Each structure stands twice: as structure tokens, then as C-alpha cells.
Amino acid sequence: MSHFTASFAAHFASVRVRFGVGIRRQVSEEVARLGCKRALVLSTPAQADAAMEMAQDIGDLAVGVFTRATMHTPVAVTQEAVAHALSVNADCLVAVGGGSTTGLGKAVALRTDLPQIVVPTTYAGSEATNILGQTENGEKTTLTDARVQPEVILYDPELVRSLPAGLTVTSALNAMAHAAEGLYARDRNPISTLLAIEGLEAFAESLGQVVADPTNLEARGRTLYGAWLCGTVLGQVGMALHHKLCHTLGGSFDLPHAETHAVMLPHTIAFNARAAGQELEPVSRIFGMDNPGLALHDFAQRLGAPMALRDLGLSESDLDKAAETATSKPYWNPQPVTKQDVAKLLAAAWRGDQPAF
Ligand code: NAD
């Protein structure tokens, strides 16, 4: 059945997206296409070699590299990167990496309005959104702004080949969370629903294949396709309890981003399935179980994902504070949220049990 609804609003950013094995070597073309001549390449310290290689590929159109991108986009690092961009008179940014590097590019673009080319190396999906999370004085805040939306994305399956098996699975579940919550978003539209379903199907088909053979470029390409679709959903519609809980656990308890999404996803989807069973039907169908939360739990377990918050460093004594923080300023959610329910949900996720709802 079609996903048409009688009334909806949809918005689409103007983004150029290219896919292909080896496509990263065409960044210089994209720099020139933007009318730019002085690209600054960004990366994390761990991916400095990839950034250097990229700068070499770009050749005369590159003016330097800045390799200090950090998880959660600390404003102090952004200020250093802006100063660096101004000192070399950069006229565009090339971010090579996961959500942390993309986040730095977005934060610099917010302050300088420089155009961005993103070459993703994880499945986080930040490249497809106009959303930026930044950290200052220990507090993470999120904003949406058109200047933050990258203009060009190049998806090269060769770049995700080096993703360790653990991050491959958790980063994919992070992307799938955008699609799963997009299915029941209050402001969803027929296209966001189509994108979410296609994104989940892409991961369902390919994630097991890349875990079995990390060098399978066809399957790696399909996972990147899933990441693009799921990230686009995140950029189009509002997120709910799942993202709220992950932001709380990451922001207030410093839990790792992708791993936290991976542990929480089956629990939050099971919780919301009571109010949004029909909207979550594609999850049940794609992952092959009536209860969409149990279906995702089974999928994640089979792929070796972390299953318990206690294994990510959260102590049991923090659970009450986490439930309190997550419910004090709640996001809209299809299932009404109480602190008691969230405490029960978090306790099951902490122990690594099956979803409690
Ligand atoms: P990340 O970018 O921090 O990468 C994790 C680690 O893996 C880093 O050390 C990185 O250098 C390394 N790495 C990345 N790709 C690799 C590869 N192919 N091979 C080997 N190592 C690789 O992690 P992430 O999960 O991609 O991003 C998390 C960040 O992105 C968080 O800060 C999160 O808030 C943000 N995010 C933002 C949005 C948005 O729309 N604003 C969406 C999703 C995530």
C-alpha cells in the first residue's frame, strides 16, 4: 500500500550525493565544481593519515589539514579550526570521517558559512542533516541551521572497509535508529517513511554480509546507502524517546555514541510499539518477528552488538538520575512517558535483558 496521507509537509535540502568505489579520489572535481580553490581537510587524530592522503589527492586545491576533530564537537576545538581556516584563507571544507569529523565541519561552517564536502567513514548519518550538536562547559546543545547542511556527500565503500567489526554494527544500529524513530515521527511524510523503510532494508540485507566479510565492497556500499537514507530521515523529521535517552546517556554520563544507540534501540522500539504498532510494522516485517523490539534485539544479538549499558560503563546507581534527566524535558513520543516506565526500560537495558515492554 502507498504511504500517501491526505495532509503533510516535506522539505528537501539541496545536496549533491555521489556513490562509488574510489569516488573519494574525485573530491578535487567537487571542490572545483563549488567554484572553490582552497580546501581545508578535516579529520580526527586517528584518521590523520586518511586526511593527508585526501589533501594529496586534492593537490593544488588543498591548503591544509586540521586533524583534531573530537567526539561531541567541543566549541574550543571548533574555535581552533575556525582560526586555522581563516589563517590559510580556506574557501571550503572537506570532512573525512565519522560523525565527529562531520560535526566539526558543520560547526566551522556555522561560523564561517564555508561550503562543505563530506566523505563519510561511518554510518552515523550526520552528513545528511542540518543538525549540529556542540559541547561547551560540559553541556551538549543541539541546533538546526541551513548553514550546517553539507553541500556535497561522497560515499566511498572502500572507506568503511577499515571500520572495526564492533563499530560497523553499532554505527549501523545508530543509523537504523533514525529510520525506526522516523517511522512514527509526528511530522513524518510519505517520503520520509519510504526512505526509512528502504534504509532499514538496506541494512537488513547487508550488515550480516559485511560482518562476515568486511572487505565485501558491494555489501559495504549497500550499508552506506542505508546510512544515507536513514540520515536523510533524521534531517527531515523529529526524533522521540530513543534519541532523547541516548542524548541523556551520552551527554550526562559520557557513554559512547554508537554503542549506546545499539543497546537502547530494541528497548525503546518495544516500548513505543504499544502506541505505534502499525507504524512499526515495516520493522517487524523486515526483521522477521511480530514484536519489532524483539526483532531488533535478535538482529543486534546475532551480529554481536553490545547488549547491556553496564558493559558501556554506566553504574547501576546512575539509573535513577538518567530516568529523571530523560523525563524532565521530554521530547514528543507516541507512547506517553513516565519516569517509572523509563526506569524499568533503562534497568532492562542496563542488565542486557530482553526489552521489558
Ligand atoms: P566518530 O566519528 O567519533 O568515530 C569513532 C572513532 O572511529 C573515531 O576515533 C574515528 O576516527 C574512528 N573511525 C571512523 N571511521 C573509521 C573507519 N572507517 N575506520 C577506522 N576508524 C574509523 O563516531 P560516529 O559514531 O561516526 O559519530 C558520533 C558523533 O556524531 C557524535 O558526536 C554524535 O552526536 C554525532 N552525530 C551527529 C548527527 C547529526 O545529525 N548532527 C547524527 C549522528 C551522529
Side-chain angles (χ1 to χ4, degrees), residues 13 15 24 42-51 53-54 67-75 77-78 95-107 109-110 116 118-135 139-145 147-150 153 155-179 181-182 199 210 214-215 217 220 223-224 227-239 242-244 246-251 254-262 306 312:
V15 184
R24 69 185 181 284
L42 310 174
S43 76
T44 59
Q47 291 179 287
D49 287 351
E53 197 183 310
M54 175 64 73
T67 59
R68 289 200 290 283
T70 308
M71 181 81 93
H72 303 312
T73 327
V75 169
V77 175
T78 300
V96 188
S100 298
T101 306
T102 306
L104 175 63
K106 288 170 146 185
L110 178 72
Q116 305 164 66
V118 181
V119 189
T121 66
T122 71
Y123 308 126
S126 175
E127 65 281 0
T129 82
N130 61 357
I131 306 166
L132 170 64
Q134 314 184 87
T135 315
E139 203 184 326
K140 187 162 179 175
T141 53
T142 302
L143 57 83
T144 52
D145 190 298
R147 282 170 295 183
V148 153
Q149 176 86 49
I153 313 172
Y155 286 106
D156 187 337
E158 281 182 339
L159 288 179
V160 275
R161 217 172 19 182
S162 59
L163 260 186
L167 191 52
T168 293
V169 172
T170 55
S171 188
L173 288 163
N174 178 193
M176 289 164 53
H178 311 328
E181 288 229 291
V210 297
T215 65
L217 286 180
R220 283 285 188 190
T223 52
L224 278 177
W228 173 46
L229 298 174
C230 295
T232 305
V233 174
L234 175 67
Q236 288 210 347
V237 303
M239 295 287 121
H242 172 79
H243 280 73
K244 176 70 189 183
C246 292
H247 287 169
T248 301
L249 293 167
D254 212 22
L255 295 201
H257 180 82
E259 290 87 338
T260 304
H261 274 273
L312 304 185

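The model shown is predicted, which means the values in this text are computed figures rather than measured ones. Atoms within a ligand are numbered from 1 in the order they appear, just like the ligands themselves.
Contacts between K140 and ligand 1 below 4.0 angstrom, taking non-hydrogen atoms only, involve the side chain exclusively. By the criterion of a heavy-atom distance under 4.0 Å, the side chain of L167, and not its backbone, is placed next to ligand 1. The part of K106 lying near ligand 1 is the side chain, judged by heavy-atom distances below 4.0 Å. Looking at L163 against ligand 1, both its backbone and its side chain come within 4.0 Å, counting heavy atoms. If you look at H72 next to ligand 1, the close heavy atoms, those under 4.0 Å, come from the backbone and the side chain alike.
Among C246, A95, S126, S171, the residue whose heavy atom lies nearest to atom 39 (C) of ligand 1 is S126. Remark: among candidates T44, T144, T129, L132, the nearest residue to atom 11 (O) of ligand 1 is T44, based on non-hydrogen atoms.
In this structure, atom 15 (N) of ligand 1 lies nearest to the protein heavy atom T121 OG1, 2.7 Å. Residue, atom and distance of the protein heavy atom nearest to atom 44 (C) of ligand 1 are H257 NE2, 3.5 Å. Among protein heavy atoms, the minimum distance from atom 41 (N) of ligand 1 is reached at I131 O, 2.9 Å. Among all non-hydrogen protein atoms, the one lying nearest atom 20 (C) of ligand 1 is S162 O, 3.5 Å. Remark: minimum distance from atom 1 (P) of ligand 1 to any protein heavy atom is reached at S100 OG, 3.4 Å. When hydrogens are left out, the protein atom nearest atom 43 (C) of ligand 1 is A124 O, 3.4 Å; that is the closest non-hydrogen contact. Nearest non-hydrogen protein atom to atom 22 (C) of ligand 1 is Q47 NE2, 3.7 Å.
With contacts defined as side-chain heavy-atom distances shorter than 4.5 Å, the pair T168/Y123 qualifies. Two residues are said to be in side-chain contact when any heavy atoms from C-beta on lie closer than 4.5 Å; E158 and R24 meet this criterion. Between P45 and T67, the closest side-chain pair of non-hydrogen atoms is not below 4.5 Å. Between H242 and H261 there is a side-chain heavy-atom pair separated by less than 4.5 Å. Contact annotation: the side chain of P256 approaches that of L312 to within less than 4.5 Å [non-hydrogen atoms, C-beta and beyond]. W228 has its side chain within reach of T232: a pair of non-hydrogen atoms, C-beta onward, lies under 4.5 Å apart. Between R161 and P214, every side-chain heavy-atom pair lies at or beyond the 4.5 Å cut-off.
Distance check on atom 8 (C) of ligand 1: every protein heavy atom falls at or beyond the 4.0 Å cut-off.
Taking every non-hydrogen atom of G98 and a distance limit under 4.0 Å, the qualifying atoms of ligand 1 come out as 2 (O), 26 (O). Near G99, the atoms of ligand 1 lying under 4.0 angstrom from a non-hydrogen atom of the residue are 2 (O), 24 (P), 26 (O), 27 (O), 29 (C), 30 (O). Close approach to M71 involves these atoms of ligand 1, each under 4.0 Å from a residue heavy atom: 3 (O), 28 (C), 29 (C), 31 (C), 32 (O). Close approach to T122 involves these atoms of ligand 1, each under 4.0 Å from a residue heavy atom: 14 (C), 15 (N), 26 (O).
At a 3.5 angstrom cut-off on N or O pairs, L234 does not count as close to ligand 1. Every N/O-N/O distance between H178 and ligand 1 stays at or above 3.5 Å. Remark: ligand 1 and A46 share no N or O pair separated by less than 3.5 Å (distance only, no angle test). Where the criterion is an N or O separation shorter than 3.5 Å, residue side chain and backbone included, L159 meets it with respect to ligand 1.
A side-chain contact (heavy atoms from CB on, under 4.5 Å) with T122 is found for exactly one of L163, T170, L159, namely L163. Put simply, the residue from L143, D145, L234 that forms a side-chain contact (heavy atoms from CB on, under 4.5 Å) with I131 is L234.
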key: Worked verdict on L229 versus V233 for side-chain contact (heavy atoms from CB on, under 4.5 Å)   = CA-CA 6 Å; L229 298 174; V233 174; 5.8 Å; no
Pair V96-Q47, side-chain contact (heavy atoms from CB on, under 4.5 Å): steps then yes or no = CA-CA 8 Å; V96 188; Q47 291 179 287; 5.7 Å; no
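The minimum heavy-atom distance between C230 and A179, with the atom names listed, is SG-CB, 3.6 Å.
Formation of a donor-acceptor pair under 3.5 Å by the T73 side chain with backbone atoms of G133 is found in this model. In this structure, H178 contributes its side chain and A124 its backbone to a donor-acceptor pair below 3.5 Å.
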